Amino acid sequence: QVQLVESGGGSVQAGGSLRLSCAVSGRTFSGYTMGWFRQAPGKERDFVAAITWSDGSTNYADSAKGRFTCSRDNARNTVSLQMNSLKPEDTAVYYCATKAGTLYKRTGYNYWGQGTQVTVSS
């Protein structure tokens with residue numbers, strides 16, 4: 001079983017930054033992919049970014065490219081999402097997730113954290 005716990009959410013003004021973290025415990029493998037997703041009120045959950053444990057390869061949604069950076073710390077079993085130049089439309093609950101699957105397929109995640117709220121005011 002894999003457990004994921006997000007932290008680092010909060011409220012920030014447009015143009016500001018936040019750093020989300022996801023602590024991973026339980027059974028994990030180097031071949032796993034970690035993903036970040038978000039869900040705004042009344043909307044579907046959307047892919048944001050993903051990273052592989054093995055070599056740190058990343059994949060970003062168009063909305064995240066150039067503003068968000070995903071990183072991992074294998075020694076601490078932690079994945080982070082640095083979010084810069086935040087916009088009001090980034091407001092959502094952010095979730096981390098993991099799967100034993102390819103980086104570039106944005107589905108198939110089977111373990112999820114509880115989510116952390118990010119609110120960006122204009």
Side-chain angles (χ1 to χ4, degrees):
Q1 192 74 347
V2 178
Q3 295 82 40
L4 308 175
V5 179
E6 302 96 337
S7 61
S11 297
V12 65
Q13 289 191 330
S17 299
L18 282 174
R19 185 177 181 88
L20 306 183
S21 293
C22 177
V24 184
S25 60
R27 186 180 183 184
T28 60
F29 299 96
S30 62
Y32 273 39
T33 294
M34 296 295 302
W36 287 97
F37 293 77
R38 67 186 183 186
Q39 187 167 21
K43 296 187 177 181
E44 294 185 351
R45 187 165 56 193
D46 290 330
F47 171 81
V48 176
I51 188 168
T52 59
W53 278 116
S54 58
D55 63 2
S57 296
T58 53
N59 180 29
Y60 295 95
D62 288 344
S63 59
K65 288 178 181 177
R67 300 189 300 129
F68 295 2
T69 302
C70 192
S71 60
R72 94 274 192 232
D73 184 334
N74 293 59
R76 298 183 179 183
N77 271 8
T78 300
V79 174
S80 297
L81 184 69
Q82 176 68 41
M83 304 187 295
N84 298 328
S85 302
L86 283 162
K87 306 173 182 180
E89 51 264 44
D90 294 318
T91 296
V93 177
Y94 283 71
Y95 299 89
C96 67
T98 190
K99 64 174 180 178
T102 180
L103 174 68
Y104 295 103
K105 185 177 180 181
R106 299 177 177 182
T107 57
Y109 289 83
N110 48 5
Y111 296 100
W112 294 82
Q114 82 288 351
T116 186
Q117 177 70 46
V118 171
T119 302
V120 184
S121 58
S122 58

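Start at 1 with the first residue, then count along the sequence. Computed from a prediction, not measured in an experiment: that's the story for all the values here. The basis for the numbers below is simple: all heavy atoms, side chains too, and nothing from hydrogens, waters or symmetry mates.
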J.: Quick one: does F68's side chain get under 4.5 Å of N84's, heavy atoms only?
T.: no
J.: As an exercise, state the distance from NZ of K105 to OG1 of T102, rounded to the nearest 0.5 Å.
T.: 9.0 Å
J.: Counting neighbours of CD on Q3 that are heavy atoms of other residues, nucleotides or ligands and sit closer than 6.0 Å, is the number greater than 12?
T.: yes
J.: Give a yes or no on whether Y95 and M83 share a hydrophobic cluster (residues Ile, Leu, Val, Met, Phe, Trp, Tyr; joining criterion: side-chain heavy atoms under 4.5 Å apart).
T.: no
J.: If you count heavy atoms of other groups shown closer than 6.0 angstrom to CZ of R19, is the number above 12?
T.: yes
J.: Is there a donor-acceptor pair closer than 3.5 Å between any side-chain N or O of E6 and the backbone N or O of Q114?
T.: yes
J.: With a 4.5 Å limit on heavy-atom distance, are the side chains of V79 and C70 in contact?
T.: yes
J.: Can you find a pair of side-chain heavy atoms, one from S80 and one from T78, that are under 4.5 Å apart?
T.: yes
J.: So which heavy atom on R67 is nearest to which on S85, and how close?
T.: NH1-O, 3.0 Å
J.: Short question: side chain of S21, backbone of S7 - any donor-acceptor pair under 3.5 Å?
T.: no
J.: Please name all residues satisfying ring pair (Phe, Tyr, Trp, His ring centres under 6.0 Å) with Y111, sequence neighbours left out, ordered by chain then number.
T.: none
J.: Identify whether L4 and L81 are in the same connected component of the hydrophobic contact network (ILVMFWY, side-chain heavy atoms under 4.5 Å).
T.: yes
J.: Measuring centre to centre across the rings, with the benzene-like ring taken for any Trp, is F37 within less than 6.0 Å of W112?
T.: yes
J.: Ring centroids only, cut at 6.0 angstrom: are F47 and Y60 within range, meaning strictly under it?
T.: no
J.: Specify the closest pair of heavy atoms between A92 and R38, including all atoms of both residues, with the distance to one decimal.
T.: CB-CB, 3.8 Å
J.: Looking only at heavy atoms, what is the nearest atom pair of S122 and P88, with distance?
T.: CB-CG, 3.9 Å
J.: When you look at W53 and R72, which way does the side chain to side chain contact (heavy atoms under 4.5 Å, CB included) test go after all the steps?
T.: CA-CA 7 Å; W53 278 116; R72 94 274 192 232; 3.7 Å; yes
J.: Which heavy-atom pair separates V12 from G16 by the least distance, and what is that distance?
T.: CG2-CA, 3.7 Å
J.: Report the C-alpha separation of S17 and Q82 in whole Å, then their side-chain angles, then the decisive distance to 0.1 Å, and conclude whether the side chain to side chain contact (heavy atoms under 4.5 Å, CB included) test is met.
T.: CA-CA 7 Å; S17 299; Q82 176 68 41; 3.9 Å; yes
J.: Decide whether Y94 and Y109 are clustered together by the hydrophobic rule: side chain heavy atoms of Ile, Leu, Val, Met, Phe, Trp, Tyr closer than 4.5 Å, transitively.
T.: no
J.: Indicate yes or no for a side-chain donor-acceptor contact from N59 to the backbone of I51 under 3.5 Å, with no hydrogens or angles considered.
T.: no
J.: Same cluster or not: are W36 and L18 linked, directly or through other Ile, Leu, Val, Met, Phe, Trp or Tyr residues, by side-chain heavy atoms under 4.5 angstrom apart?
T.: yes
J.: If you define the side chain from C-beta out and look only at heavy atoms, does anything of V24 sit under 4.5 Å from M34?
T.: yes
J.: Counting only N and O atoms by type, is there a donor-acceptor contact under 3.5 Å from the side chain of S54 to the main-chain atoms of T52?
T.: no
J.: So does T119 get a backbone contact from the side chain of T91, meaning a donor-acceptor N/O pair under 3.5 Å?
T.: no
J.: Salt bridge check, K87 against D90: does any charged N sit closer than 4.0 Å to a carboxylate O?
T.: no
J.: Checking side-chain contact (heavy atoms from CB on, under 4.5 Å) between K99 and each of T33, T107, V2, which is the one that passes?
T.: T33
